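One structure is given here, and the rest of the page talks about it.
The sequence lines fix the lettering, A, B, ..., with proteins before strands; numbering per chain opens at 1. The shown structure was predicted, so the numbers you read here are calculated from the model rather than taken from an experiment.
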Amino acid sequence: MGEAVGVLLGLVNGLVRCLSLSLTRRYRTKPYQRALAWEHLSWIGADSLPIVSIIAACTGIILALQSAIQLEKVGALSYVANLVGYSLVTELGPLLTALILAGRAGAAFTAEIATMKISEEIDALNVMGIDPVRFLVWPKFAAMLVMVPVLTLWGDFVGIMAGGVFSATALGLSGKVYFEQTASFLQVSDVMSGLVKSAAFGMAITLISCTQGMLAREGAADVGRRTTMAVVQSIFIMILLDLFFTALNYVLR
Amino acid sequence: MSCGRTRHQGREQSGRTGGRLNAPRIVLEGVSVGYGERVVLRDITTELPAGKISVILGGSGCGKSTLLRTLLDLVPVRSGRILIDGADLAAMPPDERMSMRRRLGVLFQDGALLGSLPLGQNVALPLREHTTLDEDMIEEVVRMKLRLVGLEPFIQYFPRQLSGGMRKRAGLARAMALDPAILLCDEPTSGLDPITSADLDQLILELKATFPMTIVVVSHDLESLFAIADYVVVLDKGEMLFHGTLDELKKCRDAFIVRFLGRMPSRESRILGADARGAGRPAPDRRPDADQG
């Protein structure tokens with residue numbers, strides 16, 4: 001436990017140093033470092049689009065169906081739009097996107113770093129005078145910080161659209177009414193609260209995954225164990241963070 | 001020379017071996033290292049001569065890899081200090097320490113090449129990080145370093161596509177990328193067939209002859225020892241049993257050392273009786289700098 005906290009604090013310290021260097025005009029990011037960052041942005045962002053889109057579309061339809069069952073009884077079918085939009089933007093969009101990325105990107109981060117740790121590649125970076133945090137963790141952290149909110153926004157859009165199309169075709173709700181209702185009900189602060197959550201989830205996933213990777217000691221079994229722990233811990237911390245942000249949002253509303 | 005399980009005081013080797021230009025000497029003063037309660041190295045005091053090949057010899061688990069990792073500042077010293085050209089690496093501020101690390105080239109046991117990068121980019125990494133060379137010049141240097149180890153045609157290959165021996169040679173090319181002042185090699189011949197091992201020994205000798213470097217090799221390979229060593233440190237159970245030249249090692253009558261050397265292949269046993277540097281492996285032409293001392 002103590003070792004894990006030490007590694008985590010070391011990573012946070014290294015990331016703060018990277019952030020301050022990035023903001024310093026005198027420091028010029030080397031071309032290969034920019035290439036690394038783009039590679040991560042592309043892999044985390046573009047490559048995750050299909051799976052995020054499918055899950056968001058399904059979630060939008062499920063929400064429309066579930067809410068329609070209750071709202072039909074009281075003759076308030078048009079409120080399906082409110083429920084789908086609000087649930088997606090404030091809760092399910094950020095959470096489901098982060099869950100997908102915890103499984104897809106977080107697990108890959110842990111496996112990559114753990115394997116590098118075991119095969120002395122991280123030691124090699126250290127003795128070459130290359131800071132492993134800046135070389136390995138910073139591009140992942142920056143990419144997750146940018147891409148989790150972007151993917152969340154995309155997921156929100158796809159989910160709302162899918163819910164609307166489904167409501168129009170299967171529930172008999174006018175598409176115009178659905179989208180007008182969504183636009184009038186949702187506020188910018190709802191979208192922002194979801195994006196803040198998703199950025200926090202992205203940071204948590206990266207920190208937990210990279211910490212677990214750095215803690216790997218020896219053998220393929222440890223890589224597997226660390227990867228599993230990273231995903232489980234990421235999900236656990238995300239739920240706690242979600243609770244915290246939702247409570248904060250409720251208090252500040 | 002010091003032979004036997006004794007405490008070593010002072011710097012017995014100081015000034016004994018003349019250094020080559022720019023090659024630093026490494027001094028260990030009462031170095032002890034441990035993990036938690038366990039002491040892995042006890043009171044190691046010796047001087048690894050400048051511009052020479054020092055072999056740290058010992059059986060499995062004797063602490064020789066820990067000593068190498070301590071020299072690399074990857075494992076903290078519990079007591080004592082390590083001086084590189086008089087400078088204590090552990091006491092340096094982070095910037096100076098990073099700068100000193102750039103003077104070290106390391107060949108890890110399995111090469112430790114980054115699996116996600118092709119060979120060329122692995123060798124280019126320290127150049128991209130620590131120099132302002134443009135990409136054309138970097139590629140030129142990378143090709144030169146890979147040519148040095150006979151791997152230029154494999155510049156686009158990923159480490160997983162190379163054999164164990166090729167990975168070690170590639171690791172050597174990367175270690176040489178910034179023309180280090182100190183080259184440290186962790187078990188360079190372990191897991192290799194005798195011919196590939198001999199080729200790697202030959203490569204290390206050629207590097208020593210060509211570049212002004214202090215080379216430290218951790219090994220338990222006796223053939224390698226007799227092929228490349230100028231200076232030997234023998235460890236057993238974390239203690240230093242011997243430090244001195246190869247000739248002095250042969251005269252040492254410490255029971256462990258006699259037993260350890262007695263495990264040599266018969267071909268090397270014959271060499272022991274004659275002149276290890278002139279007969280058998282290494283062949284005379286395998287020591288390109290034999291006359292340079």
Side-chain angles (χ1 to χ4, degrees), chain A residues 2-3 6 10 13-14 16-18 20-21 26-40 42-43 105 108-140 213-214 216-220 223, chain B residues 35-36 65 68-75 89 94-117 120-135 138 159-160 167 170-171 174-178 180 182-187:
Chain A
E3 190 188 3
N13 181 38
V16 170
R17 202 172 55 240
C18 290
S20 64
L21 275 177
R26 279 190 307 172
Y27 178 79
R28 289 178 61 193
T29 306
K30 305 222 172 206
Y32 86 92
Q33 291 166 341
R34 278 198 293 271
L36 262 178
W38 277 115
E39 199 178 295
H40 280 86
S42 159
W43 181 73
F109 293 167
T110 309
E112 179 194 347
I113 292 175
T115 308
M116 290 181 75
K117 177 91 181 173
I118 287 164
S119 59
E120 295 184 308
E121 290 173 40
I122 292 186
D123 287 342
L125 286 173
N126 265 318
V127 297
M128 280 192 282
I130 298 173
D131 178 6
V133 175
R134 187 166 56 77
F135 185 78
L136 288 173
V137 183
W138 174 243
K140 294 173 173 59
M214 291 286 186
R217 283 295 165 261
E218 54 191 46
V223 177
Chain B
Y35 301 108
S65 286
L68 188 89
R69 293 174 70 80
T70 310
L71 289 173
L72 290 170
D73 196 30
L74 293 173
V75 176
L89 194 58
D95 286 351
E96 272 182 47
R97 192 185 290 195
M98 213 50 133
S99 162
M100 178 61 91
R101 276 183 174 172
R102 284 173 213 155
R103 298 180 67 199
L104 305 179
V106 187
L107 168 60
F108 284 91
Q109 202 161 344
D110 291 314
L113 299 166
L114 304 192
S116 57
L117 301 178
Q121 288 195 40
N122 260 289
V123 180
L125 199 56
L127 295 164
R128 286 183 175 142
E129 178 69 21
H130 297 304
T131 70
T132 51
L133 298 174
D134 61 38
E135 279 302 305
I138 285 175
R160 63 177 176 275
R167 278 202 296 274
R174 188 180 64 185
M176 294 296 298
L178 292 173
I182 300 171
L183 177 65
L184 301 118
C185 306
D186 189 7
E187 307 265 11

Euclidean distance, A:Leu36 CG relative to B:Leu117 CG, rounded to 0.5 Å: 7.5 Å
Can you check whether [X] reaches [Y] side chain to side chain, under 4.5 Å on heavy atoms?
X	Y	answer
A:Glu120	B:Gln109	yes
B:Leu114	A:Phe135	yes
B:Phe108	A:Glu121	no

Test side chain to side chain contact (heavy atoms under 4.5 Å, CB included), reference B:Leu72, set A:Asp123, A:Asn126, A:Val127, output is A:Val127
Which residue is it: B:Glu135, B:Gln121, B:Glu129? I am looking for the one with a side chain to side chain contact (heavy atoms under 4.5 Å, CB included) to A:Tyr32. B:Glu129
Would you mind checking which part of B:Leu125 comes under 4.5 Å of any heavy atom in chain A, side chain (CB onward), backbone (N, CA, C, O), both or neither? both
Per-residue contact mode, B:Leu74 against chain A (heavy atom under 4.5 angstrom): side chain
Tell me, for A:Leu125 versus chain B, whether the close heavy atoms (under 4.5 Å) come from the side chain, the backbone, both or neither. side chain
Contact class of A:Met116 relative to chain B, heavy atoms under 4.5 angstrom: side chain
Shortest non-hydrogen separation from A:Ala124 to B:Ala112 and the atoms involved: CB-O, 3.9 Å
